[in-house]
Amino acid sequence: QVQLVESGGGLVQAGGSLRLSCAASGSIFTMYSAWYRQAPGKQRELVAGISSGGFTNYADSVKGRFTISRDNPKNTVYLQMNSLKPEDTAVYYCNLVPLGGGNAYWGQGTQVTVSS
């Protein structure tokens, strides 16, 4: 069973940047990796995803501001968040899905708060 540990959240002012990290206890090479977020009163939404082949997708609301990446040797997925807006405030969750099937893995969540 893969364990995920998230870090990098915090409080920033609008326009600032944060980098979230998701460190896995096992290989992420064959996994689809993604970041989700959930704001109070909102549904959890996909923010960004990256395939094992390096293909990425982003929610329209973050496109051009956020970048998802992965470092396979480090078994870590990142979310670089630039030009943060107050509406980005949410708990961010790392998600890994084995390509060959099996249970998805979730991080514990990390709070991102963007003040105006």
Side-chain angles (χ1 to χ4, degrees):
Q1 188 171 6
V2 175
Q3 304 287 330
L4 305 180
V5 178
E6 298 180 30
S7 62
L11 173 65
V12 296
Q13 291 182 285
S17 298
L18 285 173
R19 189 179 76 161
L20 305 184
S21 297
C22 176
S25 62
S27 176
I28 64 170
F29 187 73
T30 59
M31 294 186 181
Y32 174 81
S33 305
W35 288 94
Y36 287 77
R37 69 185 181 188
Q38 187 166 24
K42 302 285 188 178
Q43 294 183 21
R44 186 172 297 187
E45 65 172 342
L46 176 66
V47 176
I50 184 168
S51 72
S52 60
F55 295 99
T56 59
N57 64 284
Y58 299 92
D60 287 341
S61 59
V62 308
K63 193 170 296 183
R65 300 187 297 118
F66 291 11
T67 303
I68 187 171
S69 62
R70 60 195 296 165
D71 188 333
N72 289 328
K74 295 181 179 179
N75 295 323
T76 301
V77 182
Y78 303 97
L79 184 67
Q80 178 66 46
M81 304 183 293
N82 298 326
S83 301
L84 283 162
K85 304 175 181 179
E87 48 264 46
D88 294 319
T89 295
V91 177
Y92 285 71
Y93 298 91
C94 180
N95 171 252
L96 272 63
V97 180
L99 297 179
N103 294 329
Y105 302 96
W106 291 91
Q108 80 279 11
T110 184
Q111 177 71 48
V112 172
T113 302
V114 184
S115 65
S116 58

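No hydrogens, no waters, no symmetry mates; every other heavy atom, side chains included, goes into these values.
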- Taking side chain as C-beta onward, heavy atoms only, is Met81 less than 4.5 Å from Arg65? no
- Query: Which atoms form the tightest heavy-atom contact between Ala14 and Pro86, and what is the distance?
  - Reply: CB-CD, 4.1 Å
- Query: In Å and rounded to the nearest 0.5 Å, what is the CG to CG distance from Asn103 to Leu96?
  - Reply: 12.5 Å
- Query: Between Trp106 and Tyr36, how do the two ring planes meet: parallel, tilted or perpendicular, split at 30° and 60°?
  - Reply: tilted
- Task: Please name the pair of heavy atoms, one in Ala39 and one in Ala90, separated by the smallest distance, quoted to 0.1 Å.
- Result: N-CB, 3.8 Å
- Item | hydrophobic_cluster_shared for Ile28 and Leu4, side chain cutoff 4.5 Å | yes
- Note on the structure: Value for CH2 (Trp35) from CG (Leu46), rounded to nearest 0.5 Å, stands at 12.5 Å
- Message: If I take atom OG from residue Ser33 and atom CG from residue Asn72, how far apart are they, to the nearest 0.5 angstrom?
- Response: 8.0 Å
- Task: Report yes or no: does Glu6 contribute a side-chain atom to a donor-acceptor pair with the main-chain N or O of Cys22 at less than 3.5 Å?
- Result: no
- Item | Pairwise distance CZ(Arg70) to OG1(Thr56) - rounded to 0.5 angstrom | 11.5 Å
- Message: Is there a side chain to side chain contact (heavy atoms under 4.5 Å, CB included) between Asn75 and Phe29? Walk through the geometry before answering.
- Response: CA-CA 8 Å; Asn75 295 323; Phe29 187 73; over 6 Å; no
- Item | Full working for side chain to side chain contact (heavy atoms under 4.5 Å, CB included) between Met31 and Val2 | CA-CA 11 Å; Met31 294 186 181; Val2 175; 3.8 Å; yes
- Drop me the distance from Thr113's OG1 to Leu84's CG, to the nearest 0.5 angstrom. 10.5 Å
- Query: With the 4.5 Å side-chain cut-off for hydrophobic clustering, are Val12 and Val62 part of the same group?
  - Reply: yes
- Message: If hydrophobic clusters are built from ILVMFWY residues whose side chains come within less than 4.5 Å, do Tyr92 and Leu18 share one?
- Response: yes
- Nearest heavy-atom contact between Ser52 and Leu99 is OG-CD1, 3.2 Å
- Apply side chain to side chain contact (heavy atoms under 4.5 Å, CB included) to Gln80 and Asn82, showing your working. CA-CA 6 Å; Gln80 178 66 46; Asn82 298 326; 2.9 Å; yes
- Message: Between Lys74 and Ser21, is the side chain to side chain contact (heavy atoms under 4.5 Å, CB included) condition met? List the steps.
- Response: CA-CA 11 Å; Lys74 295 181 179 179; Ser21 297; over 6 Å; no
- Residue from Leu79, Val77, Ile68 passing side chain to side chain contact (heavy atoms under 4.5 Å, CB included) with Leu20: Leu79
- Task: Indicate yes or no: does Lys85 engage Asp88 in a salt bridge with an N to O separation below 4.0 Å.
- Result: no
- Task: Could you tell me the separation between the CD atom of Gln111 and the CG atom of Leu11, rounded to the nearest 0.5 Å?
- Result: 9.5 Å
- Looking only at atom types and distance, does a side-chain atom of Ser51 sit under 3.5 Å from a main-chain N or O of Tyr32, one as donor and one as acceptor? no
- Message: Side-chain heavy atoms nearer than 4.5 Å, only ILVMFWY residues, links allowed to pass through others: does that put Tyr105 and Val97 together?
- Response: no
- Item | Considering all heavy atoms, the nearest Ala48-Tyr58 contact | CB-CD2, 3.5 Å
